[in-house]
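Comments concern the structure below.
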Amino acid sequence: MPRPLIYITLVLVALTLVPIGCIYRARHSVKRHPRIQVVYDMDNQFYYKAQHENEFFPDDRAMRLPVEGTVARGDLRADDPFNRGRVEGDTTFVTEFPVAVDEALMARGQERFRIYCAPCHGLSGNGNGMVNVRATALAEGTWTPPTDLTSQAVVDRPVGHIFNTITNGIRNMPSYRDQIRIRDRWAIVAYVRALQLSRNATLADLPAEAQQALSQ
Ligand code: HEC
């Protein structure tokens with residue numbers, strides 16, 4: 001074989017390795033730019049971002065409101081006592097729990113209370129949670145102390161009112177409707193009632209043996 005032919009063959013063999021090298025590098029390196037796309041398919045889709053304009057609609061808003069009267073699945077909320085803490089078709093607050101109050105509900109209420117309410121109202125509900133301790137120490141003069149949940153004022157509140165306080169907030173207390181599900185709100189109300197009972201208990205509320213044990 002003539003020499004030039006050997007050289008050309010060697011060069012060609014070397015060149016066949018180049019694409020393999022390129023593929024290897026492409027698969028094993030980090031890229032700064034998006035890959036080149038010959039066929040886009042659905043990889044890159046045009047879409048409107050939140051608050052963008054869209055001339056297709058008469059009001060030019062890309063974000064659409066639900067059609068009037070639309071109710072999302074499971075969002076009918078037809079039961080006033082359970083969903084709003086109010087007497088059916090009325091604005092009066094319910095005085096009876098619209099859910100069965102049992103040990104499981106109470107345990108759930110205790111757990112949720114300690115997460116959502118105790119930071120301000122304290123573990124025992126007396127209004128001296130960590131947030132209050134800190135805010136009082138800062139003494140900025142803008143802090144409204146959280147209400148003592150075992151005080152007579154809150155004892156006298158109907159359960160529906162306390163439920164409403166969690167749902168919509170009250171005066172300086174924010175609303176917790178987005179954080180706490182409806183059933184959990186009732187669980188918390190039940191636990192608040194338990195705190196009130198335990199914090200305001202008298203000797204006469206104890207069973208006879210416990211009374212005796214204490215008076216010895
Ligand atoms: C960020 C602190 C904070 C958290 C958390 C908080 N509260 Fe309050 N809460 C307050 C403050 C402050 C007030 C007093 C508001 C006022 O008088 O302006 C209050 C008042 C109340 C009252 C008395 C309302 C009335 O009838 O006058 C109830 C009941 C109550 N909170 C329940 C709860 C429950 C239940 C939770 C947990 C789901 C909770 N709060 C979580 C700060 C908080």
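Order of listing sets the numbers, starting from 1, for every ligand and every atom in it. One is the number of the first residue; the rest follow in order along the sequence.
Distances below 4.0 Å separate heavy atoms of Asn172 from the following atoms of ligand 1: 15 (C), 16 (C), 18 (O). For ligand 1, the atoms sitting less than 4.0 Å from at least one non-hydrogen atom of Ile166 are 35 (C), 38 (C), numbered in the order shown with element in parentheses. Using a 4.0 Å cut-off to heavy atoms of Thr144, the atoms of ligand 1 that qualify are 12 (C), 16 (C), 18 (O).
Of the candidates Cys120, Gly129, Ser175, Gly109, the one placing a heavy atom closest to atom 3 (C) of ligand 1 is Cys120. For atom 27 (O) of ligand 1, the choice among Arg171, His121, Gln179 with the nearest heavy atom turns out to be Arg171.
Looking at Arg84 and Asn164, their side chains never bring a donor and an acceptor atom within 3.5 Å of each other. A donor-acceptor pair shorter than 3.5 Å cannot be found between the side chains of Asn172 and Trp143.
With contacts defined as side-chain heavy-atom distances shorter than 4.5 Å, the pair Val159/Glu96 does not qualify.
Cluster membership check: Ile170 shares its hydrophobic cluster with Leu195, using side-chain heavy-atom separations under 4.5 Å among Ile, Leu, Val, Met, Phe, Trp and Tyr.
No part of Val189 comes within 4.0 Å of ligand 1, judged by heavy-atom distances.
Remark: distances from the non-hydrogen atoms of His161 to ligand 1 include one below 4.0 Å. Using a 4.0 angstrom heavy-atom cutoff, Leu149 counts as in contact with ligand 1.
By the 3.5 Å distance cut-off applied to N or O atoms, Thr147 is not counted among the residues near ligand 1.
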